[in-house]
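Residues take their numbers from the sequence shown, with the count starting at 1.
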Amino acid sequence: MRAFATLLERLVYTRSRNAKLKLIGDYLRATPDPDRGWALAALTGDLDLPAIKPALIRALVEERVDPTLFWLSRDYVGDTAETVSLIWPRPERVPEPPFDLSLGAVVDRFRALSRSEAAGVLAAYLDRMEPEERFALLKMATGALRVGVTARLAKTALADAFGLDVAAVEEVWHGIGPPYPTLFAWAEGKGAQPVASALPVFRPFMLAHGLEDLRVDMADYAAEWKWDGIRVQLVHAGGETRLYSRAGDDITRGFPDLAEAFRTPGVLDGELMVKGEAQGADEHGGAAASFNALQQRLNRKAVTAKMLADYPAFVRLYDILFDGAEDVRDLGWTERRGRLEQFAGVLDPNRFDVSALIEAPDFTTLEGIRAGARDAAIEGVMLKRRDSPYVAGRRVGLWYKWKRDPLTADCVVMYAQRGNGRRSSFYSDFTFGCWTEEGDLLPVGKAYSGVTDEELKWLDRWVRNHTVQRFGPVREVEKSLVFEVAFDSIHSSGRHKSGVAMRFPRIARIRTDKPAAEADRVETLRRLIS
């Protein structure tokens, strides 16, 4: 456990991607099974310790420490696990017998716990651990590591450490499961490469670069609309169907209607959306509901019959990776497109359709067509080189995304909250609002991205010097600072008092030059609803 705790501590204070890769790689090479497998599962979000919940942790620490002291400390530190690890009182005499504190033994113990046993066992472990080990255990137990490591980066570190191809690692990932004994046996040359052909496993997505200021020859590229849903992969193999998100998360249980409808062996890439009329129209290849409607179906382990009826899901297909058992990723886009259209011909048209191509003889014509994407509430345009194979990740020159220009609004900062990870000491998460006709300020969104490190430090000082009230970890501030906020679209929302919700808000500029009274009005935002 100590080695894993040291790894987490170093990752928190390491900003360089290459340095993080080396730290993880060195750990995986030096650590025996199954400890390294469980560490990798924790870093990739594949470790589940269901008996331990945040409420249980808070209750335990409040039994041992003055609750007011704990919450004041939590407010200052900005992270529950770190606060508990530091404030937990060490018993004068550690009880016997000693525990096996190796990572594998700790995980095995906590995975076997019932809810009724959890409190006593967790307290006993925290009594025996040093602060850094407590921190690692609590972070691992709650599944909220936040050490600046994505699942993709952790898999890349594994691949780099053992000389593997990260795409090959991702291809077999979902067919193994932690602590990944066959994966490490293959990595160390002690076993064969795991085979995923007969399993409904995830394959890495092909991604696109932003077009920026580049102009391309339309003789070499095909264009299609970029829809505003979530990218998904449909897999049917071995008699099973799986639906994966772009991050490789299995979301099948939330979309049983699609899983039931996709029973043809193969692997397809597409955009998950909900039926509706908010974005697109017949001339764009068919309409769909807004992203706000899709959100009613997302992040649910189970869905009701009413939800299935009110928000019918479908997938607009972009590409094909496997045609039956045949891997077609090495074929050029043009040939794969033909395969996709043929494959889609046997699918339920109410659940699956193929993304329409945009007829544009030259780039200037495409520019004019893209300009209408905002009016049709479509996210933008995709450009795909006609001879491009389907390769994992982003490859220069193959696929480009050309999103519509963002909308902007001037909003007043209302509340600030500490961030996570390396931002846990700074007020970096901001809630902002716009004015009503009556002169009230109503929240319209939250953002934490878009500022430089220097701007973050300035904002943190500003928050501390302009706080008017505190609500636990949240500070209400003077209504005097204006952000120019960029966002992709805006939708009606019954969950917000303002009645609107922004899609992908980010801080474009800090408007110290603009009086708060001149910020935008909610009514202005309502007119932008798509």
Side-chain angles (χ1 to χ4, degrees), residues 1-13 27 30-43 45-147 178-179 418 420-421 424-425 472-473:
M1 194 73 187
R2 180 66 60 86
F4 180 61
T6 301
L7 172 65
L8 291 188
E9 184 176 22
R10 290 178 177 173
L11 288 172
V12 166
Y13 293 105
Y27 173 87
T31 305
D33 294 323
D35 287 20
R36 61 182 174 182
W38 290 120
L40 189 59
L43 291 171
D46 281 350
L47 177 60
D48 184 25
L49 303 177
I52 309 300
K53 300 295 181 185
L56 170 66
I57 296 169
R58 292 192 294 268
L60 281 176
V61 74
E62 287 181 2
E63 290 176 359
R64 289 159 176 77
V65 176
D66 180 346
T68 300
L69 174 62
F70 167 67
W71 284 106
L72 286 172
S73 302
R74 168 62 179 81
D75 180 35
Y76 182 80
V77 173
D79 181 270
T80 298
E82 186 175 358
T83 306
V84 174
S85 68
L86 295 171
I87 208 170
W88 187 269
R90 181 85 174 184
E92 293 183 7
R93 179 176 174 274
V94 177
E96 297 292 340
F99 285 2
D100 182 350
L101 295 183
S102 67
L103 182 57
V106 171
V107 171
D108 286 344
R109 181 73 181 94
F110 279 88
R111 290 178 75 218
L113 283 180
S114 66
R115 291 284 179 88
S116 60
E117 299 172 311
V121 173
L122 178 58
Y125 271 91
L126 294 176
D127 283 343
R128 290 165 169 80
M129 288 180 165
E130 297 300 321
E132 61 270 22
E133 293 171 316
R134 294 184 198 130
F135 175 76
L137 173 59
L138 295 173
K139 282 291 189 182
M140 195 169 63
T142 56
L145 292 184
R146 295 193 183 97
V147 291
R418 291 177 184 274
N420 293 290
S424 62
S425 296

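Within the 4.5 Å cutoff, side-chain heavy atoms of P89 are placed close to those of V65. Residues L43 and L11 form a side-chain contact, since some pair of their non-hydrogen atoms from C-beta on lies under 4.5 Å apart. No side-chain heavy atom of F99 sits less than 4.5 Å from a side-chain heavy atom of R109.
R90 and E130 are joined by a salt bridge, as a carboxylate oxygen and a charged side-chain nitrogen come within less than 4.0 angstrom of each other. A salt bridge links K139 to D79: at least one charged side-chain nitrogen sits closer than 4.0 Å to a carboxylate oxygen.
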Check the pair T80 / R74 against side-chain hydrogen bond (donor to acceptor under 3.5 Å, both in side chains), numbers first and verdict last.
CA-CA 6 Å; T80 298; R74 168 62 179 81; 2.8 Å; yes
I would like to know whether W88 and L60 meet side-chain contact (heavy atoms from CB on, under 4.5 Å); could you show each step before the answer?
CA-CA 9 Å; W88 187 269; L60 281 176; 4.1 Å; yes
Can you check side-chain contact (heavy atoms from CB on, under 4.5 Å) on V84 and F70, steps first, answer last?
CA-CA 8 Å; V84 174; F70 167 67; 3.8 Å; yes
Test side-chain contact (heavy atoms from CB on, under 4.5 Å) applied to R2 and L101, step by step:
CA-CA 8 Å; R2 180 66 60 86; L101 295 183; over 6 Å; no
Step-by-step side-chain contact (heavy atoms from CB on, under 4.5 Å) determination, L103 to M140:
CA-CA 10 Å; L103 182 57; M140 195 169 63; 3.6 Å; yes
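With values rounded to the nearest 0.5 angstrom, L56 atom CG is found 6.0 Å from L122 atom CG. Here the CD-CH2 distance, from E62 to W71, works out to 6.5 Å after rounding to the nearest 0.5 Å. For the atom pair T6 OG1 and E132 CD, the distance stands at 6.5 Å (nearest 0.5 Å). With rounding to the nearest 0.5 Å, the separation of CZ in R134 from CG in L138 is 9.0 Å. Atom CE of M1 sits about 13.0 Å away from atom CH2 of W38, to the nearest 0.5 Å.
E117 and S114 share a side-chain donor-acceptor pair at under 3.5 Å.
The shortest heavy-atom contact between R36 and T31 is CD-O, 3.0 Å. In this structure, L69 and S73 approach most closely via the heavy-atom pair O-OG, 2.8 Å. Residue F4 comes nearest to A136 through the heavy atom pair CD2-CB, 4.1 Å, listed as atom of the first residue, atom of the second, then distance. The shortest heavy-atom contact between L113 and A118 is CD1-CA, 3.9 Å. In this structure, A141 and I52 approach most closely via the heavy-atom pair CB-CG2, 3.6 Å. Here the closest heavy-atom approach between residue A41 and residue P178 is recorded as CB-CB, 3.6 Å.
More than 12 heavy atoms of other residues, nucleotides or ligands shown are found within 6.0 angstrom of CZ on R64.
A donor-acceptor pair is defined here as one N or O able to donate and one able to accept, closer than 3.5 Å; such a pair exists between the side chain of D35 and the backbone of G104.
Results of the side-chain contact (heavy atoms from CB on, under 4.5 Å) test with L126 over I57, L137, V121 single out L137 as the only residue that passes.
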